[in-house]
Undergrad: 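The structure's right below; bear with me while I get my questions together.
These numbers come from a predicted model, not from an experiment.
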Amino acid sequence: IIRISCKANEKNSIQILNNYFKGCSKGSVIDVENIIQKAPTIKSNTFEDITTNSALLCFKLNSDIESIDFDNNTFRNFYVNNEFGGIGLDINNVDINNALKITFNDCYFMNIGNKDEINQGGALSFGYNQNRGNLYLTLTECFFENNNKVEKGASIYANIQHDITIEKCI
C-alpha cells in the first residue's frame with residue numbers, strides 16, 4: 001500500500017508517473033497538504049482495489065493553474081463511499097472563481113462502485129465538491145466498463161458551469 005501525504009516546497013513540481021497503487025484503504029491515496037504551485041503531472045498510473053470513505057486524490061491548486069490532466073491512467077475495482085462521488089477527486093483552485101479545466105485522456109474506469117447516497121457518479125463525478133462546479137470537463141478516448149451508482153451517472157455525473165466534451169469514449 002502506498003499513500004502519499006506531503007508538503008511540497010512552492011518551487012517544486014509534483015509528478016505522479018508510472019505507479020501501481022493497489023489495495024489502498026482508510027484515507028486518501030494522494031493528499032498534498034499545501035497549495036500546489038505548478039500543474040501536477042499524473043500519467044500512466046494504475047489505481048486498483050481501492051476501498052475508502054475518503055477522496056482518492058486531494059489537490060489545492062494555485063490560482064494561476066488553469067488545468068489538470070490525467071493521461072493514460074487506469075482506475076479498477078473501487079468500492080468507495082465518499083462525499084466526492086465517483087473515484088473521489090477533491091480538486092480545487094485557491095480562487096474558486098477561476099475556472100479549472102480537468103482533462104482525462106486515454107484513461108480506463110472499470111468496476112467502480114460508489115455507495116454514497118447523496119453524491120452522484122459511479123466512475124466520475126464533477127460538481128460542487130470540485131472547485132464549486134466552476135469547471136470545464138474533457139474526456140477523450142476513455143474506456144468505461146461495469147461502473148455503478150444507485151442513482152444518476154453510473155459512469156459519469158457532471159453538474160458544472162462550463163463545457164463538457166466527451167469524445168471517442170467507449
Side-chain angles (χ1 to χ4, degrees), residues 1-5 14-32 36 39-61 67-93 100-133 135-160 164-166 169-170:
I1 295 174
I2 299 172
R3 285 191 207 103
I4 300 170
S5 180
I14 295 175
Q15 297 184 23
I16 304 166
L17 307 168
N18 300 305
N19 296 293
Y20 185 60
F21 300 92
K22 182 177 172 125
C24 299
S25 61
K26 298 181 182 177
S28 299
V29 175
I30 299 171
D31 185 350
V32 179
I36 297 172
T41 302
I42 305 164
K43 185 174 183 179
S44 301
N45 298 288
T46 297
F47 300 87
E48 185 171 20
D49 298 331
I50 308 294
T51 304
T52 185
N53 293 338
S54 299
L56 174 70
L57 304 173
C58 300
F59 294 139
K60 175 81 72 179
L61 305 173
S67 64
I68 184 168
D69 298 333
F70 294 83
D71 294 313
N72 191 33
N73 292 285
T74 299
F75 305 89
R76 182 176 31 241
N77 300 332
F78 276 54
Y79 182 76
V80 293
N81 184 12
N82 65 48
E83 65 183 285
F84 304 98
I87 58 173
L89 300 176
D90 181 9
I91 300 172
N92 292 285
N93 196 298
L100 185 59
K101 297 172 186 165
I102 299 179
T103 302
F104 289 86
N105 297 304
D106 193 29
C107 289
Y108 298 83
F109 303 89
M110 297 166 288
N111 302 318
I112 299 171
N114 190 324
K115 196 169 180 168
D116 182 80
E117 295 177 11
I118 297 171
N119 293 292
Q120 312 302 332
L124 291 172
S125 179
F126 295 94
Y128 188 79
N129 283 329
Q130 295 85 20
N131 211 48
R132 300 292 191 260
L135 303 171
Y136 292 85
L137 176 62
T138 301
L139 297 124
T140 306
E141 296 185 8
C142 292
F143 177 81
F144 296 87
E145 180 179 72
N146 198 31
N147 301 300
N148 62 72
K149 176 70 180 117
V150 176
E151 293 183 31
K152 296 183 183 174
S155 288
I156 305 165
Y157 173 82
N159 182 6
I160 61 178
I164 300 170
T165 303
I166 301 172
C169 293
I170 298 174

Undergrad: Can you give me the closest heavy-atom contact between F144 and L139, atom names plus distance?
TA: CZ-CD2, 4.0 Å

Undergrad: Take N93 and N131 through the test side-chain hydrogen bond (donor to acceptor under 3.5 Å, both in side chains) and record every step on the way to the result.
TA: CA-CA 6 Å; N93 196 298; N131 211 48; 5.4 Å; no

Undergrad: Drop me the distance from I50's CD1 to S25's OG, to the nearest 0.5 angstrom.
TA: 8.5 Å

Undergrad: Just say parallel, tilted or perpendicular for the rings of F47 and F21, cut-offs at 30° and 60°.
TA: parallel

Undergrad: Would I102 and F70 count as a side chain to side chain contact (heavy atoms under 4.5 Å, CB included) here? Give the steps.
TA: CA-CA 8 Å; I102 299 179; F70 294 83; 4.1 Å; yes

Undergrad: Would you name the heavy atoms of S54 and T52 that are closest together and state the gap between them?
TA: N-OG1, 3.0 Å

Undergrad: Surrounding OH of Y128 (heavy atoms of other residues, nucleotides or ligands, distance under 6.0 Å), is the total greater than 12?
TA: no

Undergrad: Going from CG on N72 to CD on E141, what distance comes out if it is rounded to the nearest 0.5 angstrom?
TA: 11.0 Å

Undergrad: So, using side chain to side chain donor-acceptor pair (under 3.5 Å) as the criterion, who are the partners of N111 when residues are at least two apart?
TA: N77, N146

Undergrad: To the nearest 0.5 Å, how far apart are CD1 in I166 and CG in L137?
TA: 6.5 Å

Undergrad: Which atoms form the tightest heavy-atom contact between S155 and N147, and what is the distance?
TA: OG-ND2, 3.9 Å

Undergrad: Apply side chain to side chain contact (heavy atoms under 4.5 Å, CB included) to I87 and L124, showing your working.
TA: CA-CA 6 Å; I87 58 173; L124 291 172; 4.1 Å; yes

Undergrad: When you look at F59 and I30, which way does the side chain to side chain contact (heavy atoms under 4.5 Å, CB included) test go after all the steps?
TA: CA-CA 8 Å; F59 294 139; I30 299 171; 4.0 Å; yes

Undergrad: For the atom pair CD1 (I68) and CG (L135), what is the distance rounded to the nearest 0.5 Å?
TA: 11.0 Å

Undergrad: Shortest non-hydrogen contact from M110 to T74?
TA: CE-CG2, 3.7 Å

Undergrad: Which atom pair, heavy atoms only, marks the closest approach of S28 to A55?
TA: OG-O, 2.8 Å

Undergrad: Do you know which two heavy atoms are closest between F104 and C142, and how far apart they sit?
TA: O-SG, 3.6 Å

Undergrad: Between Y108 and F143, what is the ring plane arrangement, given parallel below 30°, perpendicular above 60°, and tilted in between?
TA: tilted

Undergrad: Just how far is it from atom CG of L17 to atom CG of N45, taken to the nearest 0.5 Å?
TA: 7.0 Å

Undergrad: How long is the straight-line distance from CZ of F84 back to CG of N53, given to the nearest 0.5 Å?
TA: 11.5 Å

Undergrad: Going by salt bridge (Lys or Arg N to Asp or Glu O under 4.0 Å), name the pairs with one or both residues in residues 46-55, residues two or more places apart or in two chains.
TA: K22-D49, E48-R76

